[in-house]
Amino acid sequence: MTTSSASAIISARDLRKRYGALQAVDGVGFEVAEGEVFGILGPNGAGKTTTLEMIEGMRTIDSGTAVVDGIDVSRDPRAVKARIGIQLQASSFFDELNLVELLQLFGHLYGRRVDAPKLLADVELTEKARSQVRTLSGGQKQRFSIAAALVNEPRVLFLDEPTTGLDPQARRHLWGLVRQIRERGHTVVLTTHYMEEAEELCDRVAIMDRGRIIALDTPAKLVGSLLGRGFAKERVERLANLEDVFLDLTGHDLRDED
Amino acid sequence: MRPFGIRPGVFLALFVASVRMFVRNRAAVFFSLFLPLIIMLIFGVLNLEGSTTISLGIVDDADSEISRSLVSAINGVESFEVTAPDSGEMQAALRAGDLELGLVIPAGWGQGGDFQPLNAFAATSSRQDARIGALIVNSIVFRIAAGSTDLPASMVVVEQVAARDLGYIDFLVPGIVGMTVMQLGLFSVAFGFVQLKRTGALRRLFATPTSPVYFLGAQVAARLIIASFQVAILLGVGIWFGLQMFGDYASLAVVVMLGSVIFLAVGFAIAGWAKNEDQAAPVANLISLPMMFLSGVFFPRDAMPDFLAAVTGYMPLTYVNEALRSIVNDGAGLTSLGPQLLGMGVWAVIAFILAVRLFRWE
């Protein structure tokens, strides 16, 4: 299913996970090249998160192998965790600590001292340095969550549905952040169910359904192959859509900075 | 397994974070510190004993007409509750806190107008009543000796006798300390940890290479330190209210730590089993409420029917409270607390096994 390449930073082969009667992940394999932004798309319940969490060492793997940066996840999940950054879906932090304290604490958990102000500046949360996470807006929470995932300068950053629930401005802002992270040389693996987001951000995408990958390629090639099979939209593509109207009217500025 | 080996820095960072999380959590601070303090202040102000008479023992070594007239004059004072023990009995009663003031009329007192001062022994347990009693006796003596010249300035020489005073505050404070130790362990863990589990904050820790056991250890250490501070505050306020500490603080600390370990383990067992706070709350209350009222926190267990007293004697908080009272009230050391320490030890083992079996990270 996958061919091994020397530059692959993630190599997953035939991953399987079963919860009771449900085969959540049913033989998933793919490789992610270093420096790539790799997207896993799929409807809810397709097995995206479970796949991600098996590769992250957050969930045990029933069968198959996942190798991250040369380390077999099943053999040494902690060594894998030390090299990656994880943003969990709806991840939450200790309520009573402020952002700087949290980043410093997370630094300690990786055995390193962190430049918390710099990390917060990178995600534009400098003014919120002494605030608690619960006082942040949805977009700010996601940005903080990414900052926390970057404390160990990870080789790979995993983002699980980073823009779910965000307004269009905050979503676009987060896209900009992901691009910056990629430019700094981090590999990014993200899940989403926004096709537009995948098209904007991802070098390659894997489309999952019912625990399996049903397509894997660059967004352009996936669209090309569909068109090649004679697909045509019933409506003529408009030059702008409602989201463009919305953003034209309300601007691109972030709204979550009160 | 541990890519960085054992790392004290990580533990310290998690410990500091755990302490911060606790002291910044208003509900936790209220329930585990201010509530016990308020309960103590209310009961302390009520001062349930509040006796109106002064118990006075008189040893009349003179046994003369004039000494008998003094005794009968003292007997005539309504505020006095007079007894006539022998000298040894009187000293013992003073030390036990059963007498507030003891008076010795020396042999030959008042013979030929020679009024030497009386020896009075004031129990330290009743500083004020004893002082008032001595003043009353002094004025009576002056009246009897009226006409004699050469009288000393004071006819009563008061000597303090270290007395054990089993006032209600002395009963209450060790009980409140025990209750606080229980509440801190049970509730701060049962609620705090379940919340971390439910919101996913605990899961976020799993995304790092640090073993969650560090976090568990830091949480326990933070609560033990917090328990020590709370006990210190409660004892401080108690002493201000007249509590007397007869025992040593090292023994007290051992009992507080052992008690904390029992209830922290129970807290982790609940936190491990429960999926959310709504499940944790009834269980924590089901465990803590009976003990709060049946383990002798507010009222002595002697008053209970025999059957209930026997059963409640095996409750973990009963062992903790008994040990704390023996130390604070009787000055007992750890060596004389064998049964209580054994009881606590057994409960600690049971609670630890429960916690290990029931605890789930997710």
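Below, all heavy atoms of this structure are taken into account, side chains as well, without hydrogens, waters or symmetry copies.
- The parts of A/Leu97 that come within reach of chain B are both its backbone and its side chain, each placing non-hydrogen atoms under 4.5 angstrom from that chain.
- Rounding to the nearest 0.5 angstrom, the gap separating the NZ atom in A/Lys81 from the CZ atom in B/Phe206 is 7.0 Å.
- Going from atom CG of A/Leu105 over to atom CG of B/Leu205 covers 7.5 Å, rounded to the nearest 0.5 Å.
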Steps toward side chain to side chain contact (heavy atoms under 4.5 Å, CB included) verdict (B/Leu196, A/Phe93): CA-CA 8 Å; B/Leu196 295 179; A/Phe93 295 88; over 6 Å; no
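- At a 4.5 Å heavy-atom cutoff, the contact between A/Glu53 and chain B is made by side-chain atoms alone.
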For B/Ser211 and A/Arg78, run side chain to side chain contact (heavy atoms under 4.5 Å, CB included): C-alpha distance rounded to whole Å, both residues' side-chain angles, the deciding distance at 0.1 Å, then the answer. CA-CA 8 Å; B/Ser211 162; A/Arg78 296 234 171 96; 3.7 Å; yes
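- In this structure, B/Arg24 pairs ionically with A/Glu101, as a charged nitrogen and a carboxylate oxygen lie closer than 4.0 Å.
- The most heavy-atom pairs under 4.5 Å with chain B, out of A/His108, A/Glu96, A/Gln87, come from A/Glu96.
- Contact of A/Asp95 with chain B is made through the side chain alone, with heavy-atom distances under 4.5 Å.
- Contact annotation for B/Leu14: both backbone and side-chain heavy atoms come within less than 4.5 Å of a heavy atom of chain A.
- Heavy atoms from other residues, nucleotides or ligands lying under 6.0 Å from CZ of B/Arg198 number more than 12.
- Checked by atom type and distance alone, the side chain of B/Arg204 pairs as donor or acceptor with a backbone atom of A/Ile86 at under 3.5 Å.
- The distance from the CD atom of B/Gln195 to the OG atom of A/Ser92 is 8.0 Å, given to the nearest 0.5 Å.
- By the ring-ring contact (aromatic ring centres under 6.0 Å, His included) test, B/Phe193 is found to be paired with B/Phe215, B/Phe268, B/Phe359, residues two or more places apart in sequence or in another chain being considered.
- Around CZ of A/Arg184, the count of heavy atoms belonging to other residues, nucleotides or ligands within 6.0 Å exceeds 12.
- At a 4.5 Å heavy-atom cutoff, the contact between A/Phe106 and chain B is made by side-chain atoms alone.
- Around the CZ atom of B/Phe352, the shell of radius 6.0 Å holds no more than 12 heavy atoms that belong to other residues, nucleotides or ligands.
- With a 6.0 Å radius and a threshold of 12 heavy atoms from other residues, nucleotides or ligands, A/Arg113 has its CZ atom at or below the threshold.
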